[in-house]
Amino acid sequence: MIDPRLLAEDFEQTARRLARKGVDRQLLESAREAAAARRAAIVATDEARRELNSGSAEVGRLVREGRADLAEARRAELAAAGGRLAALESERRRAEESFDDLIARIPNLPDDLVPDGSSEEDNRVVRVEGYDAGAFEGRGLRPHWEVAEALGIMDTERAAKLSGAMFEVLRGGGARLLRGLVNFGLDLHRDRYEETVVPHMVRTEVIERTGHLTKFDTQAYRLRDDELWLLPTAEVALMGLPQGEILAEGDLPKRSMAYSVCWRREAGAAGRETRGMQRLHEFHKVELVSLCTPETSQDELQSLLADCEATLRVLGLPYRVVELCAGDLTFSSSRVYDLEVYAPGTGRWLEVSSVSLITDFQARRGGIRFRRAGSGTVELVHSLNGSGLATPRVWAAIVEHGQQPDGTIRLPEALVPYVGTELITG
RNA sequence: GGAGGGAUGCGAGAGCGGCCGAAUCGGACGGUCUCGAAAACCGUUGUGCCCCAUGGGCACCGUGGGUUCAAAUCCCACUCCCUCCGCCA
């Protein structure tokens with residue numbers, strides 16, 4: 001949620017900045033009106049309550065002084081005042097609900113550094129690393145699903161028998177490759193990020209406050225008999241951890257990571273680039289998150305980007321860094337770099353990490369704050385997240401890059417100790 | 001799953017329905033003293049919201065309801081924690 005003060009104090013500039021994300025000015029005006037109505041309702045109830053409070057104190061005094069008749073008279077007056085207060089309070093509740101509803105629909109402000117644009121088309125390729133277009137031509141490279149099915153390390157048919165579309169079963173070397181990747185990812189980042197094992201199911205309020213559960217976001221799976229949700233990403237658990245707490249400035253930046261299974265309903269994505277390991281309902285990921293001070297968050301974004309890139313670099317996979325334009329940013333983010341790995345079997349760039357600066361947007365809703373060392377004042381932290389290693393697509397890229405003419409798969413050197421072989425043969 | 005006990009400020013821990021945003025101790029911070037430190041003594045020490053804003057008001061004692069002129073204190077529901085029993089990786 002954005003700072004509500006912006007609506008009252010800096011409306012025009014806020015509207016201009018949000019327009020870059022395609023936010024309708026009408027929504028902001030409604031929110032501003034709702035904020036004013038809410039404030040008026042607060043003033044009215046506070047005043048009514050003040051009268052009631054001082055009246056009650058007076059009754060207490062009279063009772064103590066033994067003047068029961070006066071106390072009784074005053075009590076009767078206050079009973080009536082109590083009725084008026086109740087009416088004001090229900091009005092206040094209505095005002096707050098309508099304000100909450102509107103403010104929740106306003107996305108985070110895009111960073112001024114973010115390029116203009118309305119869609120994916122306008123995203124800017126910042127850098128391309130390790131990619132040589134000529135290197136893949138004429139080699140007859142096949143998509144990973146063909147290579148993997150032929151080798152018997154992936155079984156889409158039987159996965160469907162178990163669970164339906166957009167699930168995978170991995171066997172033998174394919175399964176070991178997945179496990180090796182996860183361990184590799186955790187080891188690669190363990191010096192800078194605290195390794196954490198988190199529950200894979202979280203309460204409604206936790207997922208709500210991370211911004212991963214809204215009226216428009218039906219991505220997460222919900223358990224039928226308990227008020228719990230399956231993680232769509234470990235970010236939800238890692239960001240849920242400090243919710244409602246006040247951290248010491250000295251503890252920032254606070255960097256942590258978690259491996260988890262991730263579940264996503266992917267509603268509406270059926271049939272779109274879903275073959276093989278491109279898009280699954282269930283996948284494995286090492287997620288990196290960081291909490292930091294507002295003045296360091298841009299630097300922190302760059303260092304998080306560097307850490308996520310390191311994964312692809314060490315694996316020797318060609319990739320590009322794409323900066324999202326204002327219109328393609330997600331609801332909560334103010335600046336995002338996507339890392340896309342090149343998959344030569346399909347000739348596609350696959351998104352394997354979204355390195356996001358959320359500024360204080362997520363911290364405000366989650367109540368994640370820190371105390372300044374000098375002044376002792378309390379402020380919201382900035383939060384960031386990115387995938388340190390997202391298995392399905394990195395797995396796919398490794399299969400496509402490593403495929404040999406005889407159908408086996410040669411692994412990147414860095415993975416050999418983790419998988420226990422240089423060559424996957426089945 | 002069954003039976004009990006509990007949830008208060010940074011921590012521990014008090015709190016007859018009114019004088020309780022909350023005793024006391026500890027911690028932290030500032031000061032006095034000291035060459036410096038310790039000790040001692042003095043002081044400060046929650047968060048949010050609102051306003052006619054060097055001041056004032058409102059809310060918050062696990063969460064949500066209720067009773068009452070008035071709730072940390074009474075009632076109801078829920079959540080979590082602890083102990084014991086059962087079950088279990």
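Protein chains get the first letters and strands the later ones, always in sequence-line order, with residue 1 at the start of each.
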Has [X] got a side-chain N or O lying under 4.0 Å from the OP1 or OP2 atom of [N]?
X        : N     : answer
A/Arg203 : B/C80 : yes
A/Arg49  : B/G57 : no
A/Arg371 : B/U47 : yes

Can you check the distance between [N] and [M], where both ends of the measurement are the [atom1] atom (answer in whole Å)?
N     : M     : atom1 : result
B/U63 : B/C80 : C1'   : 10 Å
B/C78 : B/C42 : P     : 49 Å
B/G31 : B/U83 : C1'   : 47 Å
B/C52 : B/U47 : P     : 24 Å
B/U73 : B/C84 : P     : 30 Å
B/A77 : B/A23 : P     : 32 Å
B/G86 : B/G15 : C1'   : 38 Å
B/A12 : B/G18 : C1'   : 29 Å

Counting only Watson-Crick pairs (N1-N3 plus N6-O4 or O6-N4) and G-U wobbles (N1-O2, O6-N3), all under 3.5 Å, who is the partner of [N]?
N     : result
B/C78 : B/G62
B/G21 : none
B/C87 : none
B/A14 : none
B/C49 : B/G57
B/C41 : B/G31
B/A70 : none

- Give a yes or no on whether the backbone of A/Glu351 and the side-chain of A/Arg393 come within a donor-acceptor separation of less than 3.5 Å.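 It does hold such a pair.
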Check for a donor-acceptor pair, side chain of A/Glu149 on one end and backbone N or O of A/Thr156 on the other, with a separation under 3.5 Å.
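Judged by distance alone, yes, a pair lies under 3.5 Å.
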So which nucleotide from [options] ends up closest to the side chain of [X]?
X       : options             : answer
A/Arg5  : B/G57, B/C49, B/C51 : B/C49
A/Asp46 : B/C58, B/C51, B/A70 : B/C58
A/Arg38 : B/G48, B/C50, B/C69 : B/C50
A/Ala79 : B/G48, B/C69, B/C51 : B/C69
A/Asn53 : B/G48, B/A59, B/G57 : B/A59
A/Arg50 : B/C50, B/G48, B/C58 : B/C58

Residue A/Lys21 excluded, over 12 heavy atoms near NZ under 6.0 Å: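 Yes, enclosed.
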Would you mind reading off the distance between [X] atom [atom1] and [N] atom [atom2], rounded to a whole angstrom?
X        : N     : atom1 : atom2 : answer
A/Arg92  : B/C58 : CZ    : C1'   : 7 Å
A/Asp100 : B/C49 : CG    : P     : 13 Å
A/Glu227 : B/A77 : CD    : C1'   : 16 Å
A/Ile42  : B/C50 : CD1   : C1'   : 6 Å
A/Glu205 : B/G62 : CD    : C1'   : 11 Å
A/Leu247 : B/C10 : CG    : P     : 14 Å
A/Glu89  : B/G66 : CD    : C1'   : 14 Å
A/Leu78  : B/G18 : CG    : P     : 17 Å

Comparing A/Arg74 and A/Thr45 on RNA chain B - which has the more 5′ nearest nucleotide: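 Final value for this comparison: A/Thr45.
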Legend entry - A/Leu52 or A/Arg93, whichever maps to the more 5' nucleotide of RNA chain B: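 Whichever sits nearer the 5' end wins; that is A/Arg93.
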Cut-off 3.5 Å, side chains only: do A/Glu227 and A/Thr204 have a donor facing an acceptor?
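Judged by distance alone, the side chains do pair up.
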- Any donor-acceptor N or O pair under 3.5 Å, side chains A/Asp338, A/Ser354: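 A/Asp338 vs A/Ser354: donor-acceptor pair found between side chains.
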Problem - Option from A/Val147, A/Leu317, A/Thr346 for which side-chain contact (heavy atoms from CB on, under 4.5 Å) with A/Glu400 holds - result: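 Exactly one candidate clears the test, A/Thr346.
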* **A/Arg92 and A/Ile42, any side-chain heavy atoms less than 4.5 Å apart** =>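 A/Ile42 vs A/Arg92: side chains touch.
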* side chain to side chain donor-acceptor pair (under 3.5 Å) between A/Ser303 and A/Arg192: does it pass, once the steps are laid out? -> CA-CA 11 Å; A/Ser303 83; A/Arg192 276 165 57 75; 3.3 Å; yes
Exercise for the section: Check every strand shown and say whether A/Val63 touches a base, only sugar-phosphate, or nothing at a heavy-atom separation below 4.0 Å. Expected result: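 Touches a base.
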Select base, sugar-phosphate, or nothing to describe what A/Val59 touches, counting heavy atoms under 4.0 Å on all strands.
->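 Base contact.
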